[in-house]
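Index from 1, following the sequence. Just so you know, these numbers use all the heavy atoms, side chains as well, and skip hydrogens, waters and symmetry mates.
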Amino acid sequence: MDPEVGLRLLFSPLVSNIVVRTACCSCSVGVVLPVYSTFKAIEGRDENEQKKWLLYWAAYGSFSVVELCTDKFLHWFPLYYHMKFAFLVWLQLPTTDGARQMYMTHLRPVLLKHQARLDQVVGFFYGQTSKFVSMHQAEIQFVRALLMKTFVSANQFAMGFIHPQRGHVSGAIEGRRQQFDTSDSGDED
């Protein structure tokens with residue numbers, strides 16, 4: 001494929017907006033590919049690859065936090081999703097080593113400067129969360145059981161909808177059963 005054709009497709013108003021926005025918003029560029037690459041790094045036990053993807057996730061997480069605050073305003077700018085797409089690709093590319101650059105020049109200095117205060121905040125948060133969970137253990141177990149029953153019922157409903165010929169599957173939710181006589185030996189005597 002000619003590079004000029006690819007660039008024309010990427011920057012044509014209708015196609016590019018749909019394709020690039022979908023790639024950015026559906027997290028396929030920022031999450032799906034890196035998750036698989038992280039899986040490969042973990043399973044391959046390659047420490048350099050693992051470190052590379054840890055740096056990526058730190059950079060991506062920071063970007064996501066900033067984006068939560070700015071996306072509502074910035075998405076109106078022309079080519080915003082193109083720039084976001086390019087940034088996510090830049091973070092991942094081994095030739096640019098964008099995640100390492102972002103971490104070393106921006107993220108690391110800020111975190112080192114505020115590390116003591118952040119440790120206090122994280123410690124407080126974990127302490128409060130632990131206290132909340134221990135105080136509400138019964139409610140959490142009830143909600144967990146309710147969610148599990150709901151998921152099982154939804155799965156059974158979906159399987160019955162997808163494969164109706166498989167007969168009745170017993171489970172958490174059962175309706176009234178009706179039996180029909182299909183024999184012809186009724187009124188003919």
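- Linking ILVMFWY side-chain heavy atoms closer than 4.5 Å, directly or via other members, places Leu93 and Tyr60 in a single hydrophobic cluster.
- Residue pairs satisfying the ring pair (Phe, Tyr, Trp, His ring centres under 6.0 Å) criterion with at least one member in residues 100-123, sequence neighbours excluded, are absent.
- Looking at heavy atoms from C-beta onward, Leu146 lies out of side-chain contact with Lys149 at the 4.5 angstrom threshold.
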For residues 117-128, dump all side-chain donor-acceptor pairs below 3.5 Å to protein atoms at least two apart in sequence or in another chain.
from: Arg117; atom 1: NH1; to: Gln120; atom 2: OE1; distance (Å): 3.0

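- Nearest heavy-atom pair, Arg108 versus Met104, reported as atom, atom and distance to 0.1 Å: CD-SD, 3.9 Å.
- Between Ala59 and Leu107, the shortest heavy-atom contact is N-CD2, 4.3 Å.
- With sequence neighbours excluded, no residue forms a ring-ring contact (aromatic ring centres under 6.0 Å, His included) with Phe157.
- Residues satisfying the ring-ring contact (aromatic ring centres under 6.0 Å, His included) criterion with Phe73, sequence neighbours excluded, are absent altogether.
- Between Tyr56 and Thr38, every side-chain heavy-atom pair lies at or beyond the 4.5 Å cut-off.
- A distance of 12.5 Å separates CE of Met102 from OG1 of Thr96, quoted to the nearest 0.5 Å.
- The CG atom of Leu74 sits 8.0 Å away from atom CE of Met83, with the distance rounded to the nearest 0.5 Å.
- Interatomic distance, CZ of Phe151 versus CD of Gln156, reported as 14.0 Å (0.5 Å rounding).
- Closest heavy-atom contact between Leu33 and Gln92: CB-OE1, 4.2 Å.
- Residues forming a side-chain hydrogen bond (donor to acceptor under 3.5 Å, both in side chains) with Trp90 (at least two apart in sequence, or on another chain): none.
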Side chains of residues 40-54: which donor-acceptor partners sit under 3.5 Å, not counting sequence neighbours?
from: Asp46; atom 1: OD1; to: Asn48; atom 2: N; distance (Å): 3.1
from: Glu49; atom 1: OE1; to: Trp53; atom 2: NE1; distance (Å): 3.3
from: Gln50; atom 1: NE2; to: Ala41; atom 2: O; distance (Å): 3.2

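- Between Val35 and Phe39, every side-chain heavy-atom pair lies at or beyond the 4.5 Å cut-off.
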**Request:** Please report the C-alpha distance between Arg144 and Leu147 in whole Å, then the side-chain angles of each, then the deciding distance to 0.1 Å, and finally whether the side-chain contact (heavy atoms from CB on, under 4.5 Å) criterion is met.
**Result:** CA-CA 5 Å; Arg144 182 174 180 255; Leu147 287 174; 5.9 Å; no
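- Pairing each heavy atom of Leu88 with each of Phe63, the nearest pair is CD2-CE2, 3.9 Å.
- Cluster annotation: Leu55 and Leu91 are assigned to distinct hydrophobic clusters (Ile/Leu/Val/Met/Phe/Trp/Tyr, side-chain heavy-atom contacts under 4.5 Å, transitive).
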